[in-house]
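Only one structure is covered here, and it is reproduced in the block below.
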Amino acid sequence: MKIKYELIKKSNETKARTGILHTNHGSFKTPMFMPVGTLANVKTLTAEELKAINCGVILANTYHLWLRPGENIVALAGGLHKFMNYDGPILTDSGGFQVFSLAKKKDITEEGVHFKSHIDGSKLFLTPELSIGIQNKLDSDIAMSFDECPPFPVTREYMTDSVDRTLRWALRGKNVHDNHHQSLFGIVQGGEYADLRRYSALKTVEIGFDGYAIGGTSVGEGKDTMYNMIDYAIDYLPTSKVRYLMGVGDPIDIIEGVIRGVDMFDCVLPTRLARHGNAFTKKGKINIRNAKYKDDFEALDECDCYTCKNYSRAYIRHLIICNETLGGRLLSIHNIRFLIKMTEDIRDAIASDNLLAYKEKFIKEYKNSIV
RNA sequence: GGAGGGAUAGCGAAGUGGUUAAACGCGGCAGACUGUAAAUCUGUUCCUUCGGGUUCGAUGGUUCAAAUCCAUCUUCCUCCA
């Protein structure tokens, strides 16, 4: 069975909407935030802990799992869900972003991308067919098209070629996609160019996918530019399909994305910040390493997560300062829960047509407070 | 009692006449992080009214110039009695 997006309610004050995405591994409400679990694990967390956080779907990575342990091992295990002991929905990213982020020397051709392994420097060649083939074997619920994620900024000429190439790659991927219970998403590119975003959206929809992503975001373009990137494309995506903004996870960006009509987000931010000693709180992001938390025995935030119910700032600070793994774990649990809870509140706000008021209140508290 | 080796910024440790307010590491204090080559990276860490001031166990000396050379003292470590 392919996924099915069920639209529940459209906001009457913004482009936001609530919905439910039905998958073979359960349904989840949207808007939703997806924690990133690149190597078939959300760093430091177990499947049980992710469940307890109430996260609806997680993301894993094609490129990384291709290299280690290899898609055949995952297939032998019975697919990604069994391999990693996670029975909820899983989305796999195509590896397009890895070509952008870790290959300093890459050769992008019509056929695919030549680049070097980040592990041993060996020569690799990734194509749309290969990426989709790997994802078929990984057996995630949602596969992503293999796209080119250009850096920012890039000339209009380059972006024009890139958008067309990504479209051809999307079609090639769709043509070889062979997993009847895995869905496939197309990715809209086009950088900061309004007409190219529109074109990319229209053409991607023309090919036809089970859901649509907006990519090429969060590559250093700045917030306003990123919001524009959404605006330029979103109206050309069908309301009957789910929309996913790739790589975005700053709390305020999530609200701005939802207001613009986005249903799904993913980001390494909550887990990476956690391992680096930072916590999201309603009153802004805090760095738990700061000396002022030395004897602060309060919870991180007013929050229902395991961490906040059981541990103090002073204790977590101590763990982080001492480089104890538990510190990063506890902060990861909290940070993910913070974003998941945020999407729960956002859904409620959409349901009661209070999203703009929610946004105003959230931003006011988040930005203007000194914790 | 004798012989030898040390004493450098919060700690460890380079430096052995000028380019040294003094490498580097740790610790401390802050910052960054947006489809994870990130439990990583960056800045800062004697005082300052930012002009400068005071440092390398202590005191005295040699020199234009000393953490660096000399003398004495204090103190620590190792070995021999």
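The sequence lines fix the lettering, A, B, ..., with proteins before strands; numbering per chain opens at 1.
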Considering only distance and modelled atom types, tabulate donor-acceptor pairs under 3.5 Å from the side chains of residues 31-44 of chain A, sequence neighbours left out.
none

Practice problem: Report the base-pairing partner of B/C29 (Watson-Crick or G-U wobble, both distances below 3.5 angstrom), or none. | Solution: B/G43
Quiz item: Using atom P of each nucleotide, how far apart are B/G60 and B/C46 to the nearest Å?
Solution: 27 Å
Quiz item: Whole Å only: how far is the CD1 atom of A/Ile90 from the P atom of B/G35?
Solution: 19 Å
Quiz item: What is the nucleic acid contact for A/Ile214, judged by heavy atoms within less than 4.0 Å: base, sugar-phosphate only, or nothing?
Solution: nothing
Quiz item: Just by modelled atom types, is the A/Arg243 backbone N or O under 3.5 Å from a matching donor or acceptor in the A/Asp263 side chain?
Solution: yes
Exercise. With P as the reference atom in both, quote the distance from B/U19 to B/U68 in angstrom, rounded to an integer.
Key: 14 Å
Exercise. Would you please say whether a donor-acceptor pair under 3.5 Å links the side chains of A/Tyr232 and A/Asp195?
Key: no
Quiz item: Centres of the A/Tyr311 and A/His334 rings: under 6.0 Å?
Solution: no
Quiz item: Which glycosidic conformation, syn or anti, is assigned to B/G51 if syn requires a torsion within 90° of zero?
Solution: syn
Quiz prompt | Rounded distance (Å) that lies between atom C1' of B/U34 and atom CZ of A/Phe265 | solution = 12 Å
Quiz item: Across all strands, who's sitting opposite B/A71 as a Watson-Crick or G-U wobble pair, both distances under 3.5 Å?
Solution: B/U59
Quiz item: How far does the P atom of B/G43 sit from the matching atom of B/A23, given to the nearest Å?
Solution: 15 Å
Exercise. Taking A/Arg197 for its side chain and A/Gly191 for its backbone only, find out whether a donor-acceptor pair lies under 3.5 Å.
Key: yes
Practice problem: Provide the Watson-Crick or G-U wobble partner of B/G17, both distances under 3.5 Å; none if there is no partner. | Solution: none
Quiz item: Any chance the rings of A/His118 and A/His64 have centres within less than 6.0 Å?
Solution: yes
Quiz item: Which part of the nucleic acid does A/Gly328 contact within heavy-atom distance under 4.0 Å: base, sugar-phosphate only, or nothing?
Solution: nothing
Self-check item: Separation between the P atoms of B/U55 and B/A67, rounded to whole Å
Solution: 9 Å
Quiz item: For A/Asn290 and B/G31, is the shortest distance between a side-chain N/O and OP1 or OP2 below 4.0 Å?
Solution: yes
Quiz item: Are A/Met229 and A/Tyr199 connected, step by step, through hydrophobic side chains (Ile, Leu, Val, Met, Phe, Trp, Tyr) whose heavy atoms are closer than 4.5 Å?
Solution: no
Quiz item: For A/Asp253 and B/C33, what is the distance between atoms CG and P respectively, to the nearest whole Å?
Solution: 11 Å
Exercise. Provide the distance between the two C1' atoms, one in B/U20 and one in B/A14, to the nearest whole Å.
Key: 12 Å
Quiz item: Contacts to RNA chain B from residues 232-239 of chain A, heavy-atom cutoff under 4.0 Å, which residues?
Solution: none
Quiz item: Can you tell me how far C1' in B/A65 sits from the matching atom in B/U72, rounded to whole Å?
Solution: 24 Å
Quiz item: Would you say the base of B/G35 and the side-chain of A/Asp147 have a donor-acceptor pair closer than 3.5 Å?
Solution: yes
Practice problem: Select base, sugar-phosphate, or nothing to describe what A/Lys116 touches, counting heavy atoms under 4.0 Å on all strands. | Solution: nothing
Practice problem: Could you tell me whether the side chain of A/Lys241 and the main chain of A/Phe209 form a donor-acceptor pair under 3.5 Å? | Solution: yes
Quiz item: Who does B/G4 pair with, Watson-Crick or G-U, both distances under 3.5 Å?
Solution: B/C77
Self-check item: Rounded distance in Å between the P positions of B/G17 and B/C69
Solution: 8 Å
Quiz item: Is there a donor-acceptor pair closer than 3.5 Å between any side-chain N or O of A/Arg198 and the backbone N or O of A/Ala233?
Solution: no
Quiz prompt | Touch class at under 4.0 angstrom, heavy-atom based, for A/Glu221 against every strand present | solution = nothing
Quiz prompt | Rounded distance (Å) that lies between atom P of B/C33 and atom CD1 of A/Ile252 | solution = 13 Å
Practice problem: Considering just the side-chain nitrogens and oxygens of A/Asn287, establish if one lies under 4.0 Å of OP1 or OP2 belonging to B/G31. | Solution: yes
Quiz prompt | Protein-nucleotide distance (A/Phe33, atom CZ; B/U36, atom P), rounded to Å | solution = 11 Å
Practice problem: Indicate, with a heavy-atom threshold strictly under 4.0 Å, whether A/Asp250 touches base, sugar-phosphate, or nothing. | Solution: base
Quiz item: Nearest-Å distance, CE (A/Met144) to P (B/U36)?
Solution: 11 Å
Quiz item: Below 4.0 angstrom from OP1 or OP2 of B/U36, is there any side-chain N or O of A/Asn61?
Solution: yes
Exercise. Using the C1' atoms only, state how far B/A13 lies from B/C56, rounded to an integer number of Å.
Key: 13 Å
Self-check item: Side-chain H-bond candidate by donor/acceptor type, A/Asp139 with A/His181, under 3.5 Å
Solution: yes
Exercise. List the protein contact pattern of nucleotides 37-42 of chain B with one symbol per nucleotide (5' to 3'): B for base contact, S for sugar-phosphate-only contact, - for none; contact means a heavy-atom distance under 4.0 Å.
Key: BBBB--
Practice problem: Provide the closest heavy-atom pair for A/Gly56 versus A/Pro89 in the form atom of the first, atom of the second, distance. | Solution: O-CD, 3.1 Å
Quiz item: For A/Ser218 and A/Glu221, which heavy atoms make the closest approach, and how far apart are they?
Solution: N-OE2, 2.7 Å
Practice problem: Could you say whether A/Arg317 or A/Gly37 is positioned toward the 5' end of RNA chain B, judged by the nucleotide with the nearest heavy atom to each? | Solution: A/Arg317
Exercise. May I have the distance from A/Lys292 (atom NZ) to B/G28 (atom C1'), rounded to whole angstrom?
Key: 17 Å
Quiz item: Once you round it to whole Å, what is the distance between C1' of B/G27 and NE2 of A/His318?
Solution: 15 Å
